[in-house]
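These notes are about the structure you will find just below.
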Amino acid sequence: MMKNKENPIGVYIHIPFCVRKCHYCDFLSYPGGMEEQKRYVRLLVQEMANWQKRFSFPAVDTIFIGGGTPSLLAVEDMDVLLQAVADLFFLKELSEFSLECNPGTVTAEKLKLYREAGVSRISIGMQSAVDTELQDLGRIHTCDEFLKCYQIVRRAGFENVNIDVMAAIPGQTIQSYEKTLQTVLSLEPEHISSYSLIIEEGTEFYKRYAKEPPVDEETDRRMYEITGILLEQAGYQRYEISNYAKPHRECRHNLKYWQREEYLGIGLGAASFMEHCRFTNETDMTLYQNMIRNGKCPVSQTEQLSLEDEMSEFMYLGLRCRKGISARQFYNSFGIRLEDRFGEMVKKYVEQGLLIHEGDCIYLTKRGIDVSNLVFEGFI
């Protein structure tokens, strides 16, 4: 039985459906028919009710509906889900409500519903401004369709919008990537996420590029450098390795992940972090459905974190953020001085020019960001 919480938590709700699977995607997503989507929404509502029986929900200060493609849901189905969120969660402290959408699945009617239900932040998957690159990725839209989507989102009154872009994709050059960035910057979104393509096992791209990535490492690194230069010149601050925002427009929900604040995942395969424990929902739809209909919370994997686990997470998750980590907060969290646990490792990385240790703060240098995975491995 989970205890009642004093501090607000975040809630993530997973919608696994999409029009079709992109060639690079290893997320838990797949095309689903209208009836399956309708049944799934009812399962989400029941899952939330089942959690409610386990413990009294604390205040919720961030919500993120992701996928998949949440905007694929029909208006009536999303209305049922959003009404359940309002009924089951204590939302008086809600500061951010994000919803992901993709071009080709958004309408003015849907956006009106989102706004009226309290959604305050829209995240749009663009990936590229070059149509041939979008085709290679397996996206369902063109750049022009993305621009139309962005325009109707703005016309619907949303004043906090994120755009996702991708680097190191098949056929991409430095010039075409710069075109994508310039297209995004011309729109002046509040937030930009820029990720390099990772070839994940089990994807269509893995069959093609497992042995040799479509873009060489030097070009990939140059694209990363260009991202920082162009976005920071335009007034965006990099607050996490792959995320940039205008002042005070950071994604508050995602910050919970990196700062190890508690969040509850709802839906197929959704992950949670509560009471020093990480747990993941069932990923098989039939098993997920049966557990919920039997009044259970559909958890399939649970990991109770040790003190060592939590100290490691504090370092490698916190260092993803531009401001880095606080030695004082480390001590307040674990009762152990950071110097006594990781002092030698921090000293080594400072001497190598990968970390800066200024007073209470430790954070990545520019070179450290370039080889961040190497730095993180030292704390695992």
Original post:
Where do Arg252 and Asp61 land on the salt bridge (Lys or Arg N to Asp or Glu O under 4.0 Å) test, with the steps shown first?
Top reply: CA-CA 9 Å; Arg252 298 176 185 177; Asp61 60 351; over 6 Å; no
**OP:** Take the angle between the ring planes of His191 and Tyr239 and call it parallel below 30°, perpendicular above 60°, tilted in between.
**Re:** perpendicular
**OP:** Could you pull out the closest heavy-atom pair between Ala74 and Met34, with the gap in Å?
**Re:** CB-CE, 3.8 Å
**OP:** Please check if the distance between the ring centroids of Phe27 and His14 is under 6.0 Å.
**Re:** no
**OP:** Indicate the ring-plane relationship of His253 and Tyr257, choosing parallel, tilted or perpendicular according to the 30° and 60° boundaries.
**Re:** perpendicular
Original post:
What residues form a ring-ring contact (aromatic ring centres under 6.0 Å, His included) with Phe334, not counting sequence neighbours?
Top reply: Phe314, Phe330
Subject >> Minimum side-chain heavy-atom gap Leu319-Tyr349 below 4.5 Å >> reply: no
Subject >> Tyr316 OH: over 12 foreign heavy atoms closer than 6.0 Å >> reply: yes
**OP:** Without swapping roles, check the side chain of Lys246 against the backbone of Gly235 for a donor-acceptor pair under 3.5 Å.
**Re:** no
Original post:
Does the ring of Tyr331 carry Arg337 above it, NZ/CZ under 6.0 angstrom from centre and within 45° of its axis?
Top reply: no
**OP:** List the atom of Phe17, the atom of Gln37, and the distance in Å for their closest heavy-atom pair.
**Re:** CD1-CG, 3.5 Å
Original post:
Would you say Gln304 has more than 12 foreign heavy atoms packed within less than 6.0 Å of its CD?
Top reply: yes
Subject >> Glu225 side chain near Lys366 side chain, heavy-atom distance below 4.5 Å >> reply: yes
**OP:** Keeping to residues at least two apart or across chains, list the salt bridge (Lys or Arg N to Asp or Glu O under 4.0 Å) pairs with something in residues 114-132.
**Re:** Lys112-Glu116
**OP:** Please round to the nearest 0.5 Å and tell me the distance separating atom OG of Ser194 and atom OH of Tyr224.
**Re:** 8.5 Å
Subject >> Lys179, NZ: over 12 other non-hydrogen atoms inside 6.0 angstrom >> reply: no
Original post:
Is Leu94 reachable from Met78 through a run of I, L, V, M, F, W or Y residues, each pair having side-chain heavy atoms under 4.5 Å apart?
Top reply: yes
**OP:** Please tell me if the side chains of Gln46 and Arg293 come closer than 4.5 Å, counting only heavy atoms from C-beta onward.
**Re:** no
Original post:
Thr183 and Ala129: which non-hydrogen atoms are nearest, and at how many Å?
Top reply: OG1-CB, 3.7 Å
Subject >> Interatomic spacing from CD1 in Ile192 to OH in Tyr236 - rounded to 0.5 Å >> reply: 4.0 Å
Original post:
Thr69 side chain to Leu72 main-chain N or O, any donor-acceptor pair under 3.5 Å?
Top reply: no
Original post:
Do other residues, nucleotides or ligands put more than 12 heavy atoms under 6.0 Å from the CD1 atom of Ile198?
Top reply: no
Subject >> Check: His141 side chain, Cys143 main-chain N or O, donor-acceptor pair, under 3.5 Å >> reply: no
Subject >> Rounded distance (nearest 0.5 Å) linking atom CD1 of Ile163 with atom CD of Glu190 >> reply: 9.0 Å
Original post:
Would Val184 and Leu230 show up in the same hydrophobic cluster when neighbours are defined by side-chain heavy atoms closer than 4.5 Å?
Top reply: yes
Original post:
Nearest 0.5 Å, what's the CZ-OG1 distance between Arg208 and Thr203?
Top reply: 9.0 Å
Original post:
By side chain to side chain donor-acceptor pair (under 3.5 Å), which residues pair with Tyr209, not counting sequence neighbours?
Top reply: none
